[in-house]
Amino acid sequence: DSGVTQTPKHLITATGQRVTLRCSPRSGDLSVYWYQQSLDQGLQFLIQYYNGEERAKGNILERFSAQQFPDLHSELNLSSLELGDSALYFCASSVGAGGSPLHFGNGTRLTVT
Amino acid sequence: SQQGEEDPQALSIQEGENATMNCSYKTSINNLQWYRQNSGRGLVHLILIRSNEREKHSGRLRVTLDTSKKSSSLLITASRAADTASYFCARLEYGNKLVFGAGTILRVKS
């Protein structure tokens with residue numbers, strides 16, 4: 001058990017809808033990362049927060065947004081969903097701001113129909 | 001694409017044999033990390049090697065790093081059926097982005 005909790009585990013929704021994925025980092029970790037994993041794109045880095053502030057940004061679409069709250073949990077919001085957004089979304093956490101090993105949750109599997 | 005090159009894409013070996021996976025990259029790195037992913041589950045960190053290190057061991061794992069060739073390899077010795085998984089290298093790039101490769105799917109047959 002990595003100590004990282006992601007909810008929900010599965011999400012099925014329709015195109016055009018909006019969903020929120022939630023992540024609680026491992027106790028003591030200040031950084032939260034979001035990754036998207038799909039068969040055709042592999043594991044894509046979306047965004048990182050460190051102690052509430054955005055730290056690094058990857059190829060995150062404008063329809064997607066995230067934030068990290070004062071209690072360090074994070075939410076990833078996906079809006080105007082398209083079929084191509086169907087993927088596994090992983091949250092990971094680490095102690096430091098960058099370079100330290102990541103601890104991954106078990107992901108949220110999003111299916112857009 | 002954010003991904004580096006990993007080879008082979010897939011590897012099938014018998015239990016007890018060694019498995020070697022390679023990872024190449026194009027930019028300067030601070031460190032390089034290897035992760036394992038069992039089907040559909042979260043990735044698990046295996047080992048981290050810093051840019052000033054050449055080799056590192058952890059149990060049955062051996063990682064090498066050649067910064068002049070911009071490549072790394074992961075060797076799993078005396079493989080077991082439980083080692084069946086996907087293996088990813090990840091490099092810390094400029095801008096604090098940890099970028100993962102496409103991965104190698106390892107199948108260990110018992």
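Every chain is numbered from 1, with letters handed out A, B, ... down the list of sequences.
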State, yes or no, whether a side-chain contact exists between B:S86 and B:R36 at a heavy-atom distance under 4.5 Å.
no
Check: B:S72 and B:V63 side chains under 4.5 Å, non-hydrogen atoms
yes
Would A:R26 and A:D29 count as a salt bridge (Lys or Arg N to Asp or Glu O under 4.0 Å) here? Give the steps.
CA-CA 6 Å; A:R26 197 178 66 141; A:D29 286 356; 3.1 Å; yes
Should we say atom CZ of B:R60 is surrounded by more than 12 heavy atoms from elsewhere, each under 6.0 Å from it?
yes
Heavy-atom proximity to chain A below 4.5 Å, by part of B:L43:
both
Is it true that atom CD1 of B:I105 has more than 12 heavy atoms of other residues, nucleotides or ligands lying nearer than 6.0 Å?
no
Name the region of A:Q37, side chain, backbone, both or neither, that has any atom closer than 4.5 Å to a heavy atom of chain B.
side chain
By number, which residues in residues 66-96 of chain A have some heavy atom less than 4.5 Å away from chain B?
A:L88, A:F90
Surrounding CZ of A:R63 (heavy atoms of other residues, nucleotides or ligands, distance under 6.0 Å), is the total greater than 12?
yes
Using non-hydrogen atoms only, which part of B:N31 is less than 4.5 Å away from chain A: side chain, backbone, both, or neither?
side chain
Please check this pair: side chain of B:N38 against backbone of B:R41, looking for a donor-acceptor N/O pair closer than 3.5 Å.
no
